[in-house]
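In what follows, a structure is listed as structure tokens, so that the remarks can point back to it.
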Number of protein chains: 2
Amino acid sequence: MAAPLEPAQMRTYFALTEAVSLLQHAVQQQLQAEGGLSYVQFEILAKLVDAGRALSMTELADGVVYSRSGLTHQAALLQRSGLISRHSDPQDQRATLVEITTEGRDRVARVLPGHIQVVRRLLFDPLSDQDVSALGDIMSRALQQMRALPPRSAAPRRRERSGPR
Amino acid sequence: MAAPLEPAQMRTYFALTEAVSLLQHAVQQQLQAEGGLSYVQFEILAKLVDAGRALSMTELADGVVYSRSGLTHQAALLQRSGLISRHSDPQDQRATLVEITTEGRDRVARVLPGHIQVVRRLLFDPLSDQDVSALGDIMSRALQQMRALPPRSAAPRRRERSGPR
DNA sequence: TATTGTTATACTCTATAACTATA
DNA sequence: TATAGTTATAGAGTATAACAATA
């Protein structure tokens, strides 16, 4: 039997999940309203802007939790909207290089101020510099842990769902 | 023009969103694998257990971001699985009272240990008691702010989507 | 034989609008 | 007239499996 969480841990867990849930919801609303973008689509565009170069589908998928087919689908939508372009990599004909278009950059530029405003209003406004620093420190440590941990199932390869659907 | 976030804020925002995203993903996997429950379904059941009494659909919707129809849909699924029951409220014939069944309680009991284990392993293990306390404090303050703020659109009632879909 | 990516398909989730019934 | 909830329907997101092409 697993011991229950301590009361302080419970409080923290609930505050964290609920706050982030509200924040995510607000951000998604803003991105959709001001740019017609889902959060995932924004993430893809932001990643391309941040990289400053074309990225392969595999590189794009890194850090995103999606399946390859899910990424292909989103990339197809973004391409149809003219926000990215895709070409096969001359170096490796199997790979697809994804590049952000000028229109894509413009779209990011259009939604970014509102995005920042939401995050600031909802998250940072009530926090002191010390809070921000402590929060960043704590979550960075948690993140390191999450990345270091093996996936929960013992199976290293082709993990399959074990439970009832 | 909105000023960009400060570097420390950026770092914190990214660490927070990525860590919570990984945590959510792990939790969702666990709930699905061990209990065949989506996170929303688990939330509904947990809320009923926590309340210790039957709740109306409106009460259930409180704190959840969903539309009424979404909640109706999820409740229908849970009822079909025998995890909740629904009856109309004798006090107010318009209302539907939702009650968790024994099977529903069993299901919660079945998934809870694994749920706790995931949260502990991914989030709390690398944190000190001070960290947990600080994190809870900070996120509670942010949460308070989020609840206090008016929705972003000025329209108080029937807000409509203003941007392109 | 392994890797990269796409396609086909199906399922889940959520939302909007219209509707019923009750207050 | 307002509120509680459901239904019908549609759209978006994600996943699995099968597939094609290249390494």
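Worth knowing before you read on, the calculation uses all heavy atoms, side chains too, and leaves out hydrogens, waters and symmetry mates. First the proteins, then the strands, lettered A, B, ... as listed; each starts at 1.
OP1 and OP2 of C/dT16 both lie 4.0 Å or more from every side-chain N or O belonging to B/S67.
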Table please: side-chain donor-acceptor pairs of residues 70-78 of chain A below 3.5 Å, with sequence neighbours left out.
| from | atom 1 | to | atom 2 | distance (Å) |
| --- | --- | --- | --- | --- |
| A/T72 | OG1 | A/R68 | O | 3.1 |
| A/Q74 | OE1 | A/Q41 | NE2 | 2.9 |

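For A/R68, whose side chain is taken as the heavy atoms from C-beta onward, the closest listed nucleotide among D/dT14, D/dG13, C/dT4 is C/dT4. The nucleotide whose nearest atom lies closest to any side-chain atom of B/L77 is, among C/dG5, C/dT16, C/dC13, C/dC13.
The separation between A/L78 atom CG and D/dA12 atom P is 13 Å, rounded to whole Å. What separates OH of B/Y39 from C1' of C/dT14 is a distance of 17 Å, to the nearest Å. Here the C1' atom of nucleotide C/dT16 and the CD atom of A/Q32 are 14 Å apart, to the nearest Å. Spacing between atom CD of B/Q74 and atom P of D/dG5 amounts to 16 Å, rounded to whole angstrom units. Here C/dT16 presents its C1' atom at 16 Å from CG of B/L71, a figure rounded to the nearest Å. For the pair B/Q79 CD and D/dG5 C1', the computed distance is 13 Å after rounding to whole Å. Remark: C1' of C/dT9 and NE2 of A/H73 are 13 Å apart, rounded to the nearest angstrom. The distance between atom CD of A/Q24 and atom P of C/dT14, rounded to the nearest whole Å, is 13 Å.
Residues forming a salt bridge (charged side-chain N to carboxylate O under 4.0 Å, His left out) with A/D129 (at least two apart in sequence, or on another chain): none. When the salt bridge (charged side-chain N to carboxylate O under 4.0 Å, His left out) test is applied to B/R53, the partners found at least two apart in sequence or on another chain are B/E59. In terms of the side chain to side chain donor-acceptor pair (under 3.5 Å) criterion, residue partners of B/Q79 (sequence neighbours excluded) are, by chain and number, B/R86. A/S69 is linked by a side chain to side chain donor-acceptor pair (under 3.5 Å) to A/S67, counting only residues two or more places apart in sequence or in another chain. Residues that satisfy the salt bridge (charged side-chain N to carboxylate O under 4.0 Å, His left out) test with B/D106, not counting sequence neighbours, are absent from this structure. Under the rule for a side chain to side chain donor-acceptor pair (under 3.5 Å), the partners of A/D92 that lie at least two apart in sequence or sit in another chain are A/R94.
For the segment residues 80-98 of chain A, the set of residues with a heavy atom within less than 4.0 Å of an atom of DNA chain C comprises A/R86, A/R94, A/A95, A/T96, in numerical order. Residues from residues 48-57 of chain B placing a heavy atom under 4.0 Å of any atom in DNA chain D, listed by number, are B/S56, B/M57.
Take the nearest nucleotide of DNA chain D for A/V40 and for B/S69: the residue whose nucleotide is more 5' is B/S69.
Contact of the B/T17 side chain with the A/V27 side chain is not registered, since no non-hydrogen atoms from C-beta on lie closer than 4.5 Å.
Electrostatic pairing of B/R141 and A/D131 counts as a salt bridge here, judged by a charged N lying under 4.0 Å from a carboxylate O.
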